[in-house]
Undergrad: 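The structure's right below; bear with me while I get my questions together.
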Amino acid sequence: MRKNLSQQKLLEILVAEIELLQQTTKNIKEVAPEIARQLHELQTTKMKVDLNTDELEQLLEDYKKELKKSAVISKWFLVLVGIIAFLSAVISIKMFIPYID
């Protein structure tokens with residue numbers, strides 16, 4: 001008797017779930033055309049986008065100027081380093097010339 005009761009309860013739950021599924025399917029079929037219409041409307045609507053990028057461009061230019069100021073090595077500094085390197089090479093060669101013979 002208990003086995004039949006469990007099967008009967010399971011059958012009732014299964015029937016209830018099938019009815020709920022049928023109702024849900026019916027509801028979906030009712031709203032599907034409206035959803036399709038709205039989706040088509042969204043897909044075919046052209047959008048205009050107007051972005052004002054003036055501030056971003058100005059900020060980019062400011063960063064470029066700041067980068068050039070901080071990253072550029074002055075020509076006078078390069079000349080000074082070149083002269084020091086040349087003099088160091090000449091002095092080193094003069095120091096080692098007596099030892100070459």
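Nothing here was measured: the structure is a model prediction, and the numbers come from that model. The analysis underlying the following values was restricted to heavy atoms, covering all of them including side chains, and did not include hydrogens, waters or symmetry mates.
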Undergrad: Quick one: CG on Leu60 to CG on Leu67, what's the gap to the nearest 0.5 Å?
TA: 10.5 Å
Undergrad: Give, for atom CE of Met47 and atom CG of Leu42, the distance between the pair rounded to the nearest 0.5 Å.
TA: 9.5 Å
Undergrad: Give the other cluster members for Leu59, using side-chain heavy-atom distances under 4.5 Å between Ile, Leu, Val, Met, Phe, Trp and Tyr residues; answer none if it is isolated.
TA: Tyr63
Undergrad: Would you please name every residue forming a salt bridge (Lys or Arg N to Asp or Glu O under 4.0 Å) with Glu55, sequence neighbours left out?
TA: none
Undergrad: Roughly how far, to the nearest 0.5 Å, is CG of Leu78 from CD1 of Ile83?
TA: 11.0 Å
Undergrad: Which pairs with one or both residues in residues 17-33 pass side-chain hydrogen bond (donor to acceptor under 3.5 Å, both in side chains), sequence neighbours excluded?
TA: Gln23-Asn27
Undergrad: In Å and rounded to the nearest 0.5 Å, what is the NZ to CG distance from Lys9 to Leu14?
TA: 13.0 Å
Undergrad: Considering only NZ, NE, NH1 and NH2 on the basic side and carboxylate oxygens on the acidic side, decide whether Glu41 and Arg37 come within less than 4.0 Å.
TA: yes
Undergrad: Out of curiosity, does Val81 fall in the hydrophobic cluster containing Trp76 (side-chain heavy atoms, cut-off under 4.5 Å, transitive links)?
TA: yes
Undergrad: Is the closest side-chain heavy-atom distance between Gln58 and Asp54 below 4.5 Å?
TA: no
Undergrad: Which pairs pass side-chain hydrogen bond (donor to acceptor under 3.5 Å, both in side chains) with one or both residues in residues 82-98, sequence neighbours excluded?
TA: none
Undergrad: Members other than Ile13 in its cluster, when Ile, Leu, Val, Met, Phe, Trp, Tyr link by side-chain heavy atoms under 4.5 Å?
TA: none
Undergrad: If you link ILVMFWY side chains whenever their heavy atoms are less than 4.5 Å apart, which other residues fall into the same cluster as Val31? By chain and number, please.
TA: Ile35
